[in-house]
Amino acid sequence: MLDQVLYAIPFLLPGLLVTIEVSLITVAISTVIGVALGVGLVYGQWPLRWAIRGFSDIIRGIPILVLLFFVYYGLPLTGINLNNFAAAVLGLTIFKIAQVIEYVRGAIESVPRGQMDAAKSIGLPFHERLAYVIAPQALRRFLPPWLNGVTDAVKGSALISLLGVGDLLFGIQKVVGRTYEPLALYCFGALVYFALNYALSLASRALERRFSYIRE
Amino acid sequence: MSGKPTGATPLLRIKGVQKSFGSTHVLRGIDLDVARGEVVTIIGPSGGGKTTLLRCVNFLETYDRGSITIDGAEVGYRDGEARKRRTETDLARMRAETGMVFQLFNLFPHLTAAQNITLGLTRVRGLGRAEAGDKAMHWLKRVGLADKAGHLPSELSGGQQQRVGIARAVAMEPKILLLDEITSALDPELIGEVLDVVLSLAADGMTMLIVTHEIGFARDASHRIVFMAEGTVGAEAPPAEIFSPNQPNERLRSFLGRFSAAHRL
Amino acid sequence: MGYDLNFTLIWRHFDKLWSGLILSLELAILSIGIGIVIGLILAVIYVSGGRIARALIAAYVELIRNVPLILLVYLVFYGIPTVFDFAYDNTTSFVMTLSVYAGAYLVEVFRAGLDAVPKGLIDAGKAIGLTPWQRLVHVRLPTMLRMTLPALSNTFVSLFKDTSVASVIAVPELTYGAQWINFNTFRIMEVYLVVTGLYLVTGYAILLGLRALERRYSIGR
Ligand SMILES: Nc1ncnc2c1ncn2[C@@H]1O[C@H](COP(=O)(O)OP(=O)(O)OP(=O)(O)O)[C@@H](O)[C@H]1O
Ligand SMILES: [Mg+2]
């Protein structure tokens, strides 16, 4: 059993890198866009708020897998041709944006209303109220779910093997096809995912501690 | 307090202000002037619209009808009859001219006492860090908290937090200071230290519009007392008249009666 | 967009989607049922058991929660039968996987719920002379279950969405039906629009229904 695993490692390494790469890109882009849309959801005019609310509710209401297939098989019909890597990243990112929007909303709403009043009353304009008063306080509530979401992104990325993207799971599948040792390889794969995610969650706990300095 | 200041035009002029929350008509046409250097206190039963009025003056709340002007400039709206909402920048600039102290302090919990004060000084007034820091220290000394400059709000008592709240507001050198029940969230033994600060500001000639349930303080600190109930001004007079046994306003008499009854307990 | 939507082929094969939707619901219901049993048993063992039991349960929870569901599905379906000498059909295999997966999430929900039962209630149980076991059965568990209803509803709806992963081992649920139509009719946009609609309507209908139930039975928060 160990033989098979040792044999597989060189095949899995590139896949692991793809998994990490896809997760990083997804998290980075979705954070930027999700934060912007989350702020729009809380403070925007009603047409913007409704549009963002609708987007988030729809995306969070369907399975990621369906979203991935939709993007991968559907987009080419509209004349947009993406390779499978780009389609995979796009699908995962859209999904993650909806999550980030909700983290941002929850975090901003956790800041007591009086904070905004006080910031207004000393004459800070909107963007400075956001930057100096709301954001520093919301950050503490934003971080825990967002950090959890990084693990989610890694797990969600395993689905892109179905689009033929050469991620970790794809690598495992390939080796299984060659060695016919599914149990050993899937267990090993599970351990690799576990190690990656567990390391991430340890790192996030450390980060959370750094930002827990604000007390009410 | 004696010697009511007289100005040609009032600093704050509230005319016919109306405001509804949905179907609740909270302000039903309020008229109220505050002269430069004057201390006006609003008293009245709970739910009468006192907080709402103060928030309208700082445009933390929009109002539906009437006008509020500070130094002749309309708060929140422009273009007279058209009542266009001012731009964010405009609103921010105007709000900087009115200071507000809140019932629940609303200190920024992630900033120290000094930083709570310097934030507006640097970002809004455009002072340099050093100058803002000096000014913050000056006001912290003034409210007796020079030694707490580096403390976070969570490390201060309620009375200390509220004194920082006052320092934060006055450091901006507003034309008028709005205080909404600033002692009602405090333990009784901490109320005095906060009211003393307000009295000393009044002595300096700071224009103030105060909402309070501390009737004794209202009598001692104000040039004029306004009784507000059900969204209207029921009576408006110097303290001596308000508390006179011959006070003609029935509702005001019974309102004050409850207080003296409570005091006898 | 030079693409004309045409739903006729979708309606012709709609039975595939409909039976898929029903199966998805069945998979979710079975899995949450078994998952609740697993979660309850392990949560009770966790709060009353020794160090070793706790460590084992924590390991189960962490392991499952940090591994992609699709990998677990493969592992159970392709991996386990090669070692143990038995075979099961793909639907059974998937239900087992999703149950074990749900169990890991629910242990956490129930464990936190048991911790959140007010101490005063437990003391009240002691005061009327209940044994520890009676306190658990008559005081802590019922209180905890009512407090965790919202979390259970959310878990159920996410399991319903997770059933789409069953398509990778050819369980004929909704996503599998969608793919079948995708590959056989090439009305790709149409089928995913319809399937998205089915997931959304069903998911939110379930959620609204469960929220109504919660309002009747829930306590606290
Ligand atoms: N944001 C709001 N939305 C809806 N109704 C509100 C809102 N703010 C205040 N009200 C209502 O307006 C009325 C006046 O409230 P306000 O807070 O101005 O009274 P108040 O005189 O300050 O009372 P208190 O002495 O209790 O502070 C109340 O009936 C209150 O319920
Ligand atoms: Mg009030």
Side-chain angles (χ1 to χ4, degrees), chain A residues 1 19 54 57-80 95 148 151-162 167-169 172-173 176-177 180-201, chain C residues 1-5 24 59 62-84 157-168 173-176 178-179 182-183 186-193 195-204 206-207:
Chain A
M1 202 151 142
T19 290
D57 284 354
I58 289 174
I59 298 300
R60 289 179 308 126
I62 58 177
I64 311 192
L65 192 51
V66 172
L67 184 62
L68 281 172
F69 286 154
F70 209 149
V71 170
Y72 180 64
Y73 294 113
L75 267 193
L77 301 179
T78 66
I80 303 169
F95 191 78
N148 259 329
T151 320
D152 275 352
V154 173
K155 285 194 290 175
S157 75
L159 293 172
I160 67 178
S161 59
L162 298 173
D167 75 333
L168 178 55
L169 184 55
I172 295 168
Q173 298 276 78
V176 169
Y180 301 106
E181 278 291 344
L183 188 67
L185 280 160
Y186 286 129
C187 284
F188 180 65
L191 278 180
V192 176
Y193 274 107
F194 173 78
L196 181 58
N197 281 329
Y198 199 69
L200 278 172
S201 63
Chain C
M1 263 193 273
Y3 185 83
D4 295 314
L5 292 177
S24 289
E62 289 292 341
L63 203 65
I64 298 291
R65 287 169 63 123
N66 283 308
V67 174
L69 176 59
I70 183 174
L71 179 50
L72 297 174
V73 170
Y74 286 147
L75 186 125
V76 174
F77 184 64
Y78 294 115
I80 290 182
T82 61
V83 182
F84 303 99
V157 174
S158 38
L159 286 178
F160 169 64
K161 286 186 285 169
D162 287 335
T163 57
S164 67
V165 177
S167 61
V168 303
E173 47 65 67
L174 183 51
T175 302
Y176 188 78
Q179 281 182 285
N182 177 356
F183 294 131
F186 296 105
R187 301 315 305 179
I188 297 170
M189 275 297 190
E190 293 86 341
V191 73
Y192 285 114
L193 282 174
V195 164
T196 296
L198 286 174
Y199 273 114
L200 281 174
V201 170
T202 317
Y204 282 110
I206 295 172
L207 199 61

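Please read all numbers here as calculations on a predicted model, not as lab measurements.
Counting heavy atoms from C-beta outward, V66(A) and Y199(C) have side chains that approach closer than 4.5 Å. The closest side-chain heavy-atom distance from S167(C) to L65(A) is below 4.5 Å. Side-chain contact check for V176(A) versus Y74(C): every heavy-atom pair is 4.5 Å or farther apart.
Aromatic ring orientation, Y73(A) versus Y192(C): parallel (interplanar angle below 30°, classes split at 30° and 60°).
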Please lay out, stage by stage, how T151(A) and R65(C) fare under the test side chain to side chain contact (heavy atoms under 4.5 Å, CB included). CA-CA 9 Å; T151(A) 320; R65(C) 287 169 63 123; over 6 Å; no
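Residues of residues 152-160 of chain A lying within less than 4.5 angstrom of chain C, judged on heavy atoms, are K155(A), A158(A), L159(A) in numerical order.
Using a 4.5 Å cut-off between heavy atoms, F183(C) contacts chain A through its side chain alone, with no backbone atom that close. With a 4.5 angstrom heavy-atom cutoff, I58(A) touches chain C via backbone and side-chain atoms both. Using a 4.5 Å cut-off between heavy atoms, I62(A) touches chain C through backbone and side chain atoms alike. Looking at V157(C), neither its backbone nor its side chain comes within 4.5 Å of chain A, counting heavy atoms on both sides. With a threshold of 4.5 angstrom between heavy atoms, Y78(C) approaches chain A through its backbone and through its side chain.
Among L72(C), V168(C), L63(C), the residue making the largest number of heavy-atom pairs under 4.5 Å with chain A is L63(C).
Closest heavy-atom contact between P182(A) and T82(C): CG-CG2, 3.6 Å. Here the closest heavy-atom approach between residue E62(C) and residue Y198(A) is recorded as OE1-CE1, 3.7 Å. The two residues Y186(A) and L71(C) make their nearest non-hydrogen contact at CD2-CD1, 3.3 Å. The shortest non-hydrogen separation linking L200(C) to G61(A) is CD2-CA, 3.6 Å. Closest non-hydrogen pair, L193(C) versus F70(A), comes out as CD2-CZ, 3.7 Å.
Screening residues 57-66 of chain A for salt bridge (charged side-chain N to carboxylate O under 4.0 Å, His left out), with sequence neighbours left out, gives R53(A)-D57(A), D57(A)-R60(A), R60(A)-E102(A).
Rounding to the nearest 0.5 Å places CG of L5(C) at 10.0 Å from CG of L77(A). In this structure, F69(A) CZ and T196(C) OG1 are separated by 12.0 Å, a value rounded to the nearest 0.5 Å. Note that the CG atom of L169(A) and the CD1 atom of I70(C) stand 5.5 Å from one another [nearest 0.5 Å].
More than 12 heavy atoms of other residues, nucleotides or ligands lie within 6.0 Å of OH in Y204(C), so this atom counts as buried by the packing criterion.
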